[in-house]
Amino acid sequence: MTTRLPVSDSGLRRLGGVLILGAVLSILDATIVSVGIGVMARDLDSSLPTVQWVASAYLLAASLTIPLSGWLADRFGGRQVWIVAVGLFTVGTVLCGFAWSAPALIAFRVLHGLGGGLMQPVGQAIFAQAAGPRLGRMIGVVTLPATVAPVLGPMLGGALVQDLGWRWLFFGIVPFGVATLLLAVRVLPREKPTGARDPLDVRGLLLLPPGLGALGYGLGEGSTTFAIAGAVLLIAYAWHARRVPAPLLDLRLFAHKAFTVASASTFLLGASLYSSMLLLPLYYQQIQHTSALAAGLLLAPQALGSAVVLIAGGKLLDRFGSRTVMLTGIALSLVGTIAFTQLGDSPSPTLLTVSLLIRGFGLGATTTPGMTMLYTSLERSQIPRAASAINVVNRIGGSLGTALLVAVLHAQPPGPAAFGTTFTWALGLSLLSFIPALFFPKGTRA
């Protein structure tokens, strides 16, 4: 627990701006390298399966630090942890750019991921604690990167690889990392960490992060052995967490109705809406044969729609209430997905563009209510642990949904119809997210 100095409205906007930079860097870096995998394999004289670990190593390393973020923030203070995370991320970025072999690049990506995994949950906790009752009208500030950055990643990565080479996927980010670090030292509110009285849950640390990593890898790579091992470790952690006073990730948070509802919504949205975002660039690149840069530009309407709604998210919540905004967002997302279920019939490009814009509106609208209800329903001291928990839930939901959609896609003959059928499954998953949405409060608070 920490004692945090008050933050004015203008200070809160500056704080949000810095945290946005960090979140964008973290999410952007998780997606930007995908367009350069083939070039890396050729230049480093390595096989494609080996270099694929450049992407996987980052995500697996992030899985190790996300569950630990709440304890670290309680122990050392959110400001200190976030600054160290940005520093690790930036150092890892520099080292990746200078990597001399595939194993070295993979090792540096692990360092990269350790910092990147901390930035998102700790940043959310810092902003939620600083905003207090003002969170509802400003939550879009910290949720915007999660929607926009995955679209910008392939687009920016395609431009850098095409014009400068794969090393600039990392070198190009370094100045932004340094700038974020300097701004964080100046802008993040100072605090007096009292130091977590609870000792580190070592047994939980040995169960939960490896379980998340194994499950994510197993689902992503189609390895049943890893997926089962991950599930077993997570079940063992759940059994362990119920029997210790201070678990690494406190499952007692789910005793709060608002937290449970928001978590269920986050899980289902991650499994349906956000996991299906993987399909969009694949469709444009594999079926329409566009470059990564062109695919990113084609996805820009979705990012634009999300950004518009997220910026106005607080006002929408105040006027219509959480339940109405959430239900409307899910409905818009469904409407925006319908055209993609008909890819086998070659819908017009204009229809797909308009559908992406509508889908973006929906994605933006579904993000704000859950995050607001999540953080305003808890005591301020519980927020760091809650941020850790909700990011874990989101990661599991996204991994399961992505694995399901990829399996459906690969089970069919290649072609537009296969993508249409897969989007139909995504549409079905999205319908499930109506269930927790019905339990959202009519107002902005739980």
Side-chain angles (χ1 to χ4, degrees), residues 18-19 21-66 68-69 72 76 80-123 145 149-150 152-154 156-185 209-210 212-213 216-217 220 292:
V18 174
L19 296 175
L21 284 175
V24 167
L25 289 176
S26 174
I27 300 172
L28 190 67
D29 201 77
T31 58
I32 195 173
V33 300
S34 60
V35 300
I37 294 296
V39 180
M40 292 177 194
R42 186 186 68 237
D43 287 359
L44 295 175
D45 194 22
S46 182
S47 66
L48 191 59
T50 298
V51 178
Q52 285 284 0
W53 275 94
V54 172
S56 300
Y58 182 93
L59 297 175
L60 292 174
S63 296
L64 297 177
T65 53
I66 288 174
L68 192 57
S69 62
L72 289 173
F76 301 105
Q80 288 84 342
V81 173
W82 202 81
I83 289 173
V84 169
V86 176
L88 276 176
F89 178 89
T90 305
V91 170
T93 304
V94 174
L95 293 173
C96 285
F98 285 111
W100 56 89
S101 66
L105 180 56
I106 293 168
F108 296 146
R109 283 287 282 175
V110 170
L111 179 63
H112 222 184
L114 293 176
L118 289 172
M119 287 160 66
Q120 184 83 347
V122 175
L152 293 178
L156 179 59
L160 290 173
V161 170
Q162 180 176 307
D163 297 333
L164 298 172
W166 68 266
R167 294 184 185 275
W168 282 92
L169 294 174
F170 304 106
F171 290 147
I173 292 177
V174 172
F176 296 100
V178 173
T180 302
L181 191 60
L182 295 176
L183 287 170
V185 171
L212 289 173
Y217 175 78

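Both backbone and side-chain heavy atoms feed into the values below; hydrogens, waters and symmetry mates do not.
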Handout entry: ring pair (Phe, Tyr, Trp, His ring centres under 6.0 Å) partners of Phe98, counting only residues at least two apart
Key = Phe171
Practice task
Apply ring pair (Phe, Tyr, Trp, His ring centres under 6.0 Å) to Phe170 and list each qualifying residue two or more places apart in sequence or on a separate chain.
Solution key: none
Practice task
Go through the steps for Thr180 and Trp82 under the test side-chain contact (heavy atoms from CB on, under 4.5 Å), then give the verdict.
Solution key: CA-CA 11 Å; Thr180 302; Trp82 202 81; 3.7 Å; yes
Problem - For Leu183, all residues meeting side chain to side chain contact (heavy atoms under 4.5 Å, CB included), sequence neighbours excluded - result: Val18, Leu21
Exercise for the section: Apply side chain to side chain contact (heavy atoms under 4.5 Å, CB included) to Thr65 and list each qualifying residue two or more places apart in sequence or on a separate chain. Expected result: Leu114, Leu118
Specify the closest pair of heavy atoms between [X] and [Y], including all atoms of both residues, with the distance to one decimal.
{"X": "Ala104", "Y": "Ala99", "answer": "C-CB, 4.4 Å"}
{"X": "Val81", "Y": "Phe76", "answer": "CG2-CB, 4.1 Å"}
{"X": "Gly87", "Y": "Leu181", "answer": "N-CD1, 3.9 Å"}
{"X": "Ile66", "Y": "Gly117", "answer": "CG1-O, 3.3 Å"}
{"X": "Met119", "Y": "Gly22", "answer": "CE-O, 2.9 Å"}

Problem - Test side-chain contact (heavy atoms from CB on, under 4.5 Å) applied to Leu111 and Val91, step by step - result: CA-CA 8 Å; Leu111 179 63; Val91 170; 4.3 Å; yes
Problem - Interatomic distance, Arg167 atom CZ to Asp43 atom CG [nearest 0.5 angstrom] - result: 7.5 Å
Practice task
Verify whether the ring centers belonging to Phe108 and Trp100 lie closer than 6.0 Å.
Solution key: yes
Handout entry: Any pair counted as side-chain hydrogen bond (donor to acceptor under 3.5 Å, both in side chains), so long as it reaches residues 88-98, sequence neighbours left out
Key = Thr93-His112
